[in-house]
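Chain letters run A, B, ... following the sequence lines, proteins first and then strands; every chain starts at 1.
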Amino acid sequence: MSVVERILTRAVLEITQGSIVNLGIGLPTQVLHYLPDDFDAQIHSENGILGAWKQSAPENMDPFLIDSAGAYVSLREGASLFDSAVSFAIIRRARLDLTMIGAFEVDAQGNLANWKIPGKFSPGIGGAMELAQKTKRLVVLTTHTDKQGRPKILEHCRLPLTAKACTDRIISDLAVIDVTPEGLMVREKLVDISNDELQDKTEAKLMFTAEE
Amino acid sequence: MSVVERILTRAVLEITQGSIVNLGIGLPTQVLHYLPDDFDAQIHSENGILGAWKQSAPENMDPFLIDSAGAYVSLREGASLFDSAVSFAIIRRARLDLTMIGAFEVDAQGNLANWKIPGKFSPGIGGAMELAQKTKRLVVLTTHTDKQGRPKILEHCRLPLTAKACTDRIISDLAVIDVTPEGLMVREKLVDISNDELQDKTEAKLMFTAEE
Amino acid sequence: MKKNRTLEDAIAAIPSGATVMVGGFGNPGTPFSLINELVRQGQTQLTLIKNDANEPHHGISRLIENGQVDRLVTTHIGLNKTVIELMNQGKIDVQFHPQGMLAEKIRTAGSGSYGFLTDIGLESEITQQKDVLEWQGQTYKVEMALTADYALIHAAQADWLGNLLYQGSAINFSPLMAMAADHVIVETIDLKQPGHFKPEHIHTPGAFVDSVVELKALTDDYGILDHHVRR
Amino acid sequence: MKKNRTLEDAIAAIPSGATVMVGGFGNPGTPFSLINELVRQGQTQLTLIKNDANEPHHGISRLIENGQVDRLVTTHIGLNKTVIELMNQGKIDVQFHPQGMLAEKIRTAGSGSYGFLTDIGLESEITQQKDVLEWQGQTYKVEMALTADYALIHAAQADWLGNLLYQGSAINFSPLMAMAADHVIVETIDLKQPGHFKPEHIHTPGAFVDSVVELKALTDDYGILDHHVRR
């Protein structure tokens, strides 16, 4: 299983029956394809969809129906379509049960940085700030380290923040980690790795549950 | 012709082809019934209608379709229905060409008072304040004097104002009077009355066009 | 997730002392069945937010006449002499707003914002100095968002995901209140399966709705009021 | 009043230097035909307001690449490397807003208000101290309304009174921009007589629309972008 597949396979378990879920650009949008076809969840896309679903075959693809990342999607029964103001009203009124979102950096306080690398990458904020600040439950999907092998889970974020203290859980290719008032608590390991090895790949101090 | 009929018969001439018009509660709502059946105007009702039209026969009356005064109305071809926020967006964005509105008092500066008589009558503001403040052209329909024969067209309004300097024209049962930077200018007389008699029934100083 | 509830259960969730938004402009859009159940259950000390007070012995006027309402936030109650009388006797506290301001205060809450800047009524007696803001060279009135614990909504059609469609002039405040209230209770005579409606035709997406009550019939309350028929 | 205009006449009304809102989120809702005519006519020094910059050589990217745009107000241009490059070279001034803030700034203008109070981004680097308001014991960011001289809108269907219906995810910013701009120009492939649409299905009432251009065909611009098809 690839690193990405490992994250997505675990991420899909976060979605509970009957919930309303936003899947951010990048890794999260791919979670949709890991959901069973009959799964009872409503996918919100901030460009104005509640009830987005997997892409149709090319002959049925609707050029006027994309998700927020630009990929063509279909609609489930019971889907609704609306303008961007209503779409963000759903977000800011905390009517989303869950948002999964990507990260450049996430830290021990649950701070998230995912929109800007000054001088290098600044394509704009998109919907990330409102999703991070207002969703009931925010789960960050990220590789545990960057391409150079440097930790992405930090003691304190160094990049401009998307939102403060917004993250509830981090799912990396190595572990599932909760942000708790005491700090980062490792809940599951997704590979065969010792506590010390996992800590080595993480800048922030990790806590491990008693039974491990 | 009754006093009311005289006002309404003149008022209907204010509505130009293709215009968007709000008819306020009271005398103005009755103007609708003086419009020719094929007249090209869109009647806006602030409870969420553009394209309201004359009441249907009882057997076709829709209990879910009223104007802002509570009277059942019908819809013209091309009518649209929307929520109260959009309805007042139309008003505040000055997309109405004309509003006709009732008055307790109107004065030489075009100030209008039509919502409150302190200690006596205060059923609420309704949509009057926004209509008066934001419509491109505001025409006041009013009897020239009140039931006790006292002038309603004053030098300065004494009641709490609905909006300042909002009135463009006053149509009473006696005359059509424009609010101009110089003061009130009588444009037409609707009955056989001398300038002096008309001035006697009016507190504000009236101007008369040269040819009279 | 199915949002169907019985009339009794849906209304029983509302505690005394709650702030309750009620859809409707006059009769159209007034959720008479939800209101009548609230009369039957008898919760008290309510704050109601509605465009008007309906007409005597009808709609929210029944709640007010029954002594269940401490406070009414509204725009115009000219068609209800009974409530005007109760207001004049000091038996109910009535707060008036310009109609579009009430709509926008509710929508502002519904969009997750806290207030907006306007010039409506800025120079009138409805504006108190404490609400006036000098900001970057201009003068505004600040209108604060209006939230509520519950909203009672009549929809012409719904599905059990909570997607709502309104009809006629019954739309009015309902989509705004559905966005603004923490718990949204809807009545409808026409409950369909999800997928029945074209997604573009849905006025209120189900995300905003918590409970849907299917009515067995529309009572006489919903019918034509004779005195509004033109002779 | 008939609002039908030719493509050429409708766009010729826009002067150089104008502020122009453009509907669309990615391809859906982008009024490619109106934009391509604006490229052809060559007005310059434009300020554009759009969710994104489309993709290279497509939609508003053509206006930007053609040097007609001084300033872009947007939320995310990650799918347009060409415009990112022009921004980094200082050839276009780009102002970013959080997506829902951009939507709400436009809707606030569209509702005739002047600004709103929010907490989005209040503690982030996007908030400057000059925009922070202490008001009745709370701290807010003031977001000011965003108006425009013109809006360019793609509607799936329209009538010649200017009533508009959108489809799919092509709704996005269009109804908000139609409310907010002083002059609203609409393109549609499907122009009907008034009365064709159910009044409850109309997304934008004709009161907000000034010109309707009937398209003879939807060009390739409106079709599927192969690189967004999942392999």
Let me see the working for A:M129 and D:M101 under side chain to side chain contact (heavy atoms under 4.5 Å, CB included), right down to the final yes or no.
-> CA-CA 10 Å; A:M129 203 168 267; D:M101 292 293 99; over 6 Å; no
Okay, D:I224 and chain A: the region with an atom under 4.5 Å from a heavy atom over there is both
OG1 of A:T162 to CD of D:E125, rounded to nearest 0.5 Å, is 10.0 Å
To the nearest 0.5 Å, atom CZ of D:R230 lies from atom OH of A:Y72 at 15.5 Å
Okay, A:S122 and chain D: the region with an atom under 4.5 Å from a heavy atom over there is both
Under 4.5 Å to a heavy atom of chain D? For A:A52 that would be neither
The interface call for D:N88 against chain A, heavy-atom contacts under 4.5 Å, is neither
Tell me whether the count of non-hydrogen atoms from other residues, nucleotides or ligands lying under 6.0 Å of CD in A:E77 goes above 12. no
NZ of A:K54: more than 12 outside heavy atoms within 6.0 angstrom? yes
Whatever's closer than 4.5 Å to a heavy atom in chain D on A:I66 counts as both
NZ (D:K192) with more than 12 external heavy atoms under 6.0 Å: yes
Highest number of heavy-atom pairs under 4.5 Å with chain A among D:A156, D:A53, D:G121, D:G26 belongs to D:G121
Requested in this report: Please tell me if the side chains of D:V229 and A:Q55 come closer than 4.5 Å, counting only heavy atoms from C-beta onward.
Outcome: yes
Counting neighbours of NZ on A:K136 that are heavy atoms of other residues, nucleotides or ligands and sit closer than 6.0 Å, is the number greater than 12? yes
| message | Could you check whether atom CG of A:N60 has more than 12 heavy atoms from other residues, nucleotides or ligands sitting under 6.0 Å from it? | response | yes
For D:I120 and A:R92 the tightest heavy-atom approach is CG1-CD, 3.7 Å
Note: D:S169 and A:L81 closest approach over all heavy atoms is N-CD2, 4.5 Å
Of the listed D:M87, D:E123, D:H97, D:R107, the one with the largest count of heavy-atom pairs under 4.5 Å with chain A is D:E123
Taking every heavy atom of D:P28 against every heavy atom of A:P63, the minimum-distance pair comes out as CG-O, 3.6 Å
* Asked: Tell me, do A:P123 and D:F96 make a side-chain contact under 4.5 Å, heavy atoms counted?
  -> no
(Q) Within the 4.5 Å heavy-atom criterion, are D:F25 and A:D67 side-chain neighbours or not? (A) no
Is a donor on one side and an acceptor on the other found under 3.5 Å between the side chain of A:E130 and the backbone of D:G100?
-> yes
Whatever's closer than 4.5 Å to a heavy atom in chain D on A:A163 counts as neither
Interface check, chain A: of D:L79, D:I126, D:N27, most non-hydrogen pairs under 4.5 Å belong to D:I126
If one checks every heavy atom of A:K116 against chain D at 4.5 Å, the contacting part turns out to be side chain
Turns out that what part of D:P98 lies under 4.5 Å from chain A's heavy atoms comes down to both
A:F64-D:H154 aromatic ring centre distance below 6.0 Å: yes
In terms of heavy-atom pairs under 4.5 Å with chain D, the winner among A:K134, A:Q133, A:K164, A:E46 is A:Q133
Ranking A:G48, A:P160, A:S87 by heavy-atom pairs under 4.5 Å to chain D gives rank one to A:P160
Honestly, the part of D:I84 sitting under 4.5 Å from a heavy atom of chain A is side chain
* To do: Decide side chain to side chain contact (heavy atoms under 4.5 Å, CB included) for A:D62 and D:Q167; before the verdict, give the C-alpha distance in whole Å, the side-chain angles of both, and the deciding distance to 0.1 Å.
  => CA-CA 10 Å; A:D62 179 352; D:Q167 74 177 94; 4.3 Å; yes
Tightest non-hydrogen contact, residues A:D83 and D:N172, listed as CB-O, 3.2 Å
Most contact-rich option vs chain D, by heavy-atom pairs under 4.5 angstrom, among A:G70, A:A79, A:G127, A:A128, is A:G70
Evaluation steps, side chain to side chain contact (heavy atoms under 4.5 Å, CB included), between A:F88 and D:E104: CA-CA 9 Å; A:F88 278 86; D:E104 202 62 23; over 6 Å; no
Bottom line for A:F82: the part with an atom under 4.5 Å from chain D's heavy atoms is backbone
